[in-house]
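Just so you know, these numbers come straight off a predicted model, no measurement behind them. FYI, side chains are in, hydrogens and waters are out, and symmetry mates aren't considered; it's all heavy atoms of this structure.
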Amino acid sequence: MEATIKKIIAKTFDELATGLETGSFGGAPKIALMGVGSEHGEAEMQEGADMAASRGLEAKFIGGVTEAEATEIIEKMLKSGEADGAVAMHYTFPIGVATVGKVVTPATGRSLYITTTTGSSATDRVAAMVRNAIYGIIAAKASGVANPSVGILNIDGARQVERALREIADNGYNINFAQSKRSDGGVFMRGNDVLNNPCDVLVCDSLTGNVLMKLLSGFTTGGSYEATGFGYGPGIGENSDQLVLIVSRASGAPVVAGAMEYAAQLVKGDWKKVLKAEFAAANAAGLRAVLEKITEKSAPVATETVVAPPKEIVTAEISGIEITELDDAVNVLWKASIYAESGMGCTGPIVLVNESKLETAQKILKDAGFVSE
């Protein structure tokens, strides 16, 4: 009896120690890793999981299965609570969800949140970048950055994005605008700023963010092995309820470990609570109205209303479609009585259709000029 009591006491103190170390008093965050699909093999992924486990989280490695099976396992683990978050090399997010990457900048050694790096938060580029700013703030705050500074990459649409963000800031949403280190200052970040990060959160579109992630993660290795950083980050959307982070097939063990550590930080930072609070504040400041104005300006004068055919299971992917034409491509298939959904895969925008209708759908989209082959 005495021995049993001692064991219980010892276990309790062990859990308290873990809670003090990790910030999670329900035990260490449980993070699943999809070990299949890497260009470097499962052993490299296992090494990354082992490295992550030494940093105060519980790593759950999923290997020896197909990617589809691994995805199914991850989703079941997240739904059941067996895992608090997951890291995968391939995961299809719906439009509205995009990932916030995290890198270490070479000039300062400080973390930079690049928002976003995969997925698409909206089909309109400017509207997407405005949403991306909110996503980046959420990821940074949930990772422990109390008042993240926000810069906008100096690319097409940046000035429209600034106007939109300043409008909601003027209406009460707190945005800590960063200043470029260039002599003329301003919120627009140049290439130099990407290297020495005067901001915590860098706003851009997903395709640009993806390129920046690859450059900053693999510039010391020639690009075939991503050696530094924390991966392409969590998929964030206004209604997100599961934590899935992305790494590249070229990511090495250090980046995989970093991604799992990033996931654990988000769990400890109660990312869902942060997400709800930020969107509540942004919406109260008129975010939706601002986004509607942006999309109205870019919308065609007249649009045809197309009714969707009966919904069915869609698992076959058609890629090679411009993000700005994604909705139109779906409508073309609907008009042909083929149910389709838009999404975002690892390589860019995709249209999802039923496996049995893949060839027919591909031909329709090719004939309509949406895909080249």
Colleague: For Ala340, does its backbone N or O pair with a side-chain atom of Trp334 as donor and acceptor, under 3.5 Å?
Modeller: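 Yes: the side chain of Trp334 pairs with the backbone of Ala340.
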Colleague: Grouping I, L, V, M, F, W and Y whenever their side-chain heavy atoms are under 4.5 Å apart, do Phe219 and Leu112 come out in a common cluster?
Modeller: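 In one cluster with Phe219: Leu112, no.
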Colleague: Does any non-hydrogen side-chain atom of Tyr339 lie less than 4.5 Å from one of Pro310?
Modeller: no
Colleague: Under a 3.5 Å distance rule, please check whether Ser143 uses its side chain to pair with a backbone N or O of Gly269 as donor and acceptor.
Modeller: no
Colleague: Verify whether one side chain among Asn171 and Glu167 offers a donor that lies under 3.5 Å from an acceptor in the other.
Modeller: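 Glu167 and Asn171 do not have a side-chain donor-acceptor pair below 3.5 Å.
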Colleague: Does the distance from a Lys or Arg side-chain N to an Asp or Glu carboxylate O, for Glu72 and Lys76, drop under 4.0 Å?
Modeller: yes
Colleague: Parallel, tilted or perpendicular, judged at 30° and 60°: which one describes the rings of His40 and Tyr225?
Modeller: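 Plane angle between 30° and 60°, so tilted.
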Colleague: Any non-hydrogen side-chain atom of Thr108 less than 4.5 Å from a side-chain atom of Asn197?
Modeller: yes
Colleague: Under the criterion side-chain contact (heavy atoms from CB on, under 4.5 Å), which of Arg110, Arg182, Met189 is the partner of Pro198?
Modeller: Met189
Colleague: Quick test of your reading of the model: are Lys363 and Asp367 salt-bridged, counting only N-O distances below 4.0 Å?
Modeller: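 The answer is yes: the pair qualifies as a salt bridge.
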Colleague: Only one of Asn132, Thr99, Thr208 forms a side chain to side chain donor-acceptor pair (under 3.5 Å) with Thr117, so which one is it?
Modeller: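 With Thr117 as partner, Asn132, Thr99, Thr208 yield a single side chain to side chain donor-acceptor pair (under 3.5 Å), made by Thr99.
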Colleague: Rounded to the nearest 0.5 Å, how far does CD1 of Ile236 lie from CG of Leu266?
Modeller: 7.0 Å
Colleague: Look up atom OG1 in Thr115 and atom CG in Asp205, then write down how far apart they are to the nearest 0.5 Å.
Modeller: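 Here the rounded value is 10.5 Å.
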Colleague: Would you say the side chain of Ser121 lies within less than 4.5 Å of the side chain of Tyr135, judging by non-hydrogen atoms?
Modeller: yes
Colleague: Using the side-chain contact (heavy atoms from CB on, under 4.5 Å) rule, pick out the option among Glu58, Glu261, Met260 that qualifies with Ile31.
Modeller: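 The side-chain contact (heavy atoms from CB on, under 4.5 Å) with Ile31 is passed solely by Met260 among Glu58, Glu261, Met260.
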Colleague: Looking at Gly218, is its backbone amide N or carbonyl O close enough to the side chain of Thr221 to form a donor-acceptor pair, meaning the two atoms are under 3.5 Å apart?
Modeller: yes
Colleague: Is there a donor-acceptor pair under 3.5 Å between the side chain of Arg131 and the backbone N or O of Ala98?
Modeller: no
Colleague: First locate atom OG of Ser38, then atom CD of Gln46, and finally report the distance between them rounded to the nearest 0.5 Å.
Modeller: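 Answer rounded to 0.5 Å: 12.5 Å.
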Colleague: Between atom NZ of Lys214 and atom OG of Ser217, what is the distance when rounded to the nearest 0.5 Å?
Modeller: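 OG of Ser217 is found 8.5 Å from NZ of Lys214.
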Colleague: Would the distance check show the side chain of Asn154 and the main-chain N or O of Arg190 forming a donor-acceptor pair, the cut-off being under 3.5 Å?
Modeller: no
Colleague: Under a 3.5 Å distance rule, please check whether Ser240 uses its side chain to pair with a backbone N or O of Gln242 as donor and acceptor.
Modeller: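 Side chain of Ser240 to backbone of Gln242: no pair is present.
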Colleague: Taking Ala253's backbone N and O only, do any of them form a donor-acceptor pair with Glu44's side chain (distance below 3.5 Å, no angle check)?
Modeller: yes
Colleague: For Leu275 versus Glu238, what's the shortest heavy-atom pair and its separation?
Modeller: CD2-O, 3.3 Å
Colleague: Check the side chains of Asp193 and Ser180 for a donor-acceptor pair under 3.5 angstrom, ignoring hydrogens and angles.
Modeller: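 There is such a pair between these side chains.
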Colleague: How about Tyr173 and Leu287: do any of their side-chain heavy atoms sit closer than 4.5 Å?
Modeller: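 No, their side chains stay 4.5 Å or more apart.
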Colleague: Distance-only, no hydrogens or angles: does the Ser248 side chain make a donor-acceptor pair with backbone N or O of Ala250 under 3.5 Å?
Modeller: yes
Colleague: Distance-only, no hydrogens or angles: does the Glu226 side chain make a donor-acceptor pair with backbone N or O of Gly252 under 3.5 Å?
Modeller: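 Judged by distance alone, no pair lies under 3.5 Å.
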Colleague: Do you see a donor-acceptor pair shorter than 3.5 Å between the side chains of Ser120 and Ser206?
Modeller: no
Colleague: If you measure from CD on Glu341 to CD1 on Ile95, what distance do you get to the nearest 0.5 Å?
Modeller: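 Those atoms lie 11.0 Å apart.
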Colleague: If only atom types and distance count, is the side chain of Asn176 paired as donor or acceptor with the main-chain N or O of Asn147 below 3.5 Å?
Modeller: yes
